[in-house]
Number of protein chains: 2
Amino acid sequence: MVRENHNILDCTIRDGGLVNNWDFSVQFVKDIYYGLSEAGVEYMEIGYKNSAKLLKGADAGPWRFLNEDFLKEVISKKTDTKLSALVDIGRVDENDILPREQSMLDLIRVACYIKDVDKALDLVEKFNGYGYETSINIMALSHVMENELAEALEEINKSKVDVVYIVDSYGSLYHKDIDYLVAKFQRLCPDKQLGVHMHNNMQLAFANTIVGAQNGVKFLDTSVYGMGRAAGNCPTELIVSHLKHPKYEVRPVLDIIERHMVAMREKWEWGYNIPYMVAGVLNEHPRAAMALRSSDERDRYVDFYDRLTSPEVMPTNHHSD
Amino acid sequence: MVRENHNILDCTIRDGGLVNNWDFSVQFVKDIYYGLSEAGVEYMEIGYKNSAKLLKGADAGPWRFLNEDFLKEVISKKTDTKLSALVDIGRVDENDILPREQSMLDLIRVACYIKDVDKALDLVEKFNGYGYETSINIMALSHVMENELAEALEEINKSKVDVVYIVDSYGSLYHKDIDYLVAKFQRLCPDKQLGVHMHNNMQLAFANTIVGAQNGVKFLDTSVYGMGRAAGNCPTELIVSHLKHPKYEVRPVLDIIERHMVAMREKWEWGYNIPYMVAGVLNEHPRAAMALRSSDERDRYVDFYDRLTSPEVMPTNHHSD
């Protein structure tokens, strides 16, 4: 039995917040942090480090606009589980970021589309200079042309970033695609660690994540009970059960689910359902499916499918996230 | 793009009946048959061909004890979609089986544990003599010793059976296990077609099925919306969307789900949940998890996990299925 060395990064609070507009109690965030620590999870993403000033009209919330003083109150005693935050290009105020030794955060992850990789690398450079671990998470890879990706990966490999993520934004990738992308990233970014962030539109988030792990990907994004936008993510409970390392324990994760997430799942919807599956199969952003699920037509699957596969141009709803 | 030739075998009625005690209306069975036909699905398993006499105390029901006259009424006009039935060793009365030319059925599948492979092959021989296509479905493969399996597969390869199934009864197999088992079956049963029947305890039913398909497995068991005992099966809508052949259409499957299965899922439970996941991870029969889900303690996950992982022997509930 090979003892594998991976880093599980649980992003329940950050990605799950896209489901319930970050309506998480402080007690829940404490419980999940200490539960994940007991489970052996290496990183927990505790929110976005975006700036409320730069996201006008958005609801403010502590997990969306992380504040260091607040964080110190919530996580009064840090464990071996490191903390990360995600920032979006154009939504982060660099002056909000403290040097790492004054911060609760260990890792700052920069999410961007392919066209903004240069902007992301500028940010990475700064955060790196402040002493943070950094990652760059290229979203919507399934919509990126090969030549553009190759160019970006070569730039990334020359940068100081620690980790490069393969993000299956639309939940449209199969295991063969993971094999292909991991090999490509390894070839073009040989000096970087890799990460995967998968979505569950086709019930493949866990399967794709372990295919990545087997192929040498080090950072594995998960969320407890799969909580995350639309079809959600690779469930933490499955990864912790699967990986062969004596430090991992599934029991504390089951405890979080039992105490908090069964009730949350009754209140908020995430996970596999037909509109998200259709979006995944068609390699589309889930926004149309999310709008459908919020409407009276939530179970009108055939109409939805016909709309998405019609060659005619139709108006679609656009959301900020 | 490789045009693959597979046989999808939808077993919603047969395996889904284990969820709702075969409480399916005739209209639903008609709708699913003609819907699957439009979707390009090659086989539909319409129930069990067990004998009510040999299953004393069991509720009678048309889909559990298929009757040819009744079937002719339900499926008044057969399409290209063939019909199959499953029989269990010791529960089938061979005198109930008509010669194929007088029957609505095309394929008879014999389910057995490894110790009963010889009995299964006797039945296969008879059904084969009546003109049916046949399969042997060895259950609980994850509990079978290698030497016993090798011996059984050599016997099976000498028999007249058409298809040998790899059945992940406990939903405990990973893609590496599928690679391993498919290679073993291909080596020891070179003259037979292979099939896979996967369960979704770890959200791997679809992933494992497409790994099998990619490795040369011909028969792929599915069910609409994943309906099947406990964590359920590989969803038909995902396989039909995935396989590259112009005959497959997902739209009729979405229509079945929209018209029937959303309401059914509200009434009856199947699919991923924590007790089934725990049973899968521990490579156990789902019966204890099913008993938990029917009790007041349905969301007591940590207790359940502690019970299943305790080294002490405990009484467990035994059910007939």
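In the text below, chain A, chain B and the rest are named by the order of the sequence lines, each starting its count at 1.
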Worksheet item: Counting heavy-atom pairs under 4.5 Å to chain B, which of A/Val250, A/Asp255, A/Asp299, A/Asn200 comes out on top?
Response: A/Asp299
Item to complete: Could you label the plane-to-plane angle of the A/His242 and B/Tyr174 rings as parallel, tilted or perpendicular, counting under 30° as parallel and over 60° as perpendicular?
Response: tilted
Worksheet item: Do other residues, nucleotides or ligands put more than 12 heavy atoms under 6.0 Å from the CG atom of B/Asn147?
Response: yes
Worksheet item: Given that the side chain runs from C-beta out, which part of B/Pro252 has a heavy atom under 4.5 Å from chain A: side chain, backbone, both or neither?
Response: neither
Worksheet item: Side chain, backbone, both or neither: which part of B/Tyr225 has a non-hydrogen atom closer than 4.5 Å to chain A?
Response: side chain
Fill in: 4.5 Å side-chain heavy-atom contact, B/His175 and A/Gln214
yes
Fill in: Atom pair CG (A/Leu238) and CG (B/Asn201), whose distance is rounded to the nearest 0.5 Å
10.0 Å
Item to complete: Tell me, for B/Arg300 versus chain A, whether the close heavy atoms (under 4.5 Å) come from the side chain, the backbone, both or neither.
Response: both
Practice prompt. In sequence, state the C-alpha distance, the side-chain angles, and the governing distance for A/Arg251 and B/Asp306, and then conclude on side-chain contact (heavy atoms from CB on, under 4.5 Å).
Written response: CA-CA 8 Å; A/Arg251 193 179 184 280; B/Asp306 288 347; 2.7 Å; yes
Fill in: From B/Glu258 atom CD to A/Tyr301 atom OH, the distance as rounded to the nearest 0.5 Å
7.5 Å
Item to complete: With sequence neighbours left out, write down each residue that passes side-chain contact (heavy atoms from CB on, under 4.5 Å) with A/Ser37, or none if nothing qualifies.
Response: A/Tyr33, A/Thr79, A/Thr81
Side-chain donor-acceptor contacts of residues 272-282 of chain B below 3.5 Å, not counting sequence neighbours, with atom names and distances?
{"unit_1": "B/Tyr272", "atom_1": "OH", "unit_2": "A/Glu237", "atom_2": "OE2", "d": "2.7"}
{"unit_1": "B/Asn273", "atom_1": "OD1", "unit_2": "B/Tyr276", "atom_2": "N", "d": "3.3"}
{"unit_1": "B/Asn273", "atom_1": "ND2", "unit_2": "B/Glu269", "atom_2": "OE2", "d": "3.2"}

Item to complete: Select one option (side chain, backbone, both, neither) describing which atoms of B/Asn208 are under 4.5 Å from chain A's heavy atoms.
Response: neither
Worksheet item: Given a strict heavy-atom distance threshold of 4.5 Å, which part of B/Val262 is in contact with chain A: side chain, backbone, both, or neither?
Response: side chain
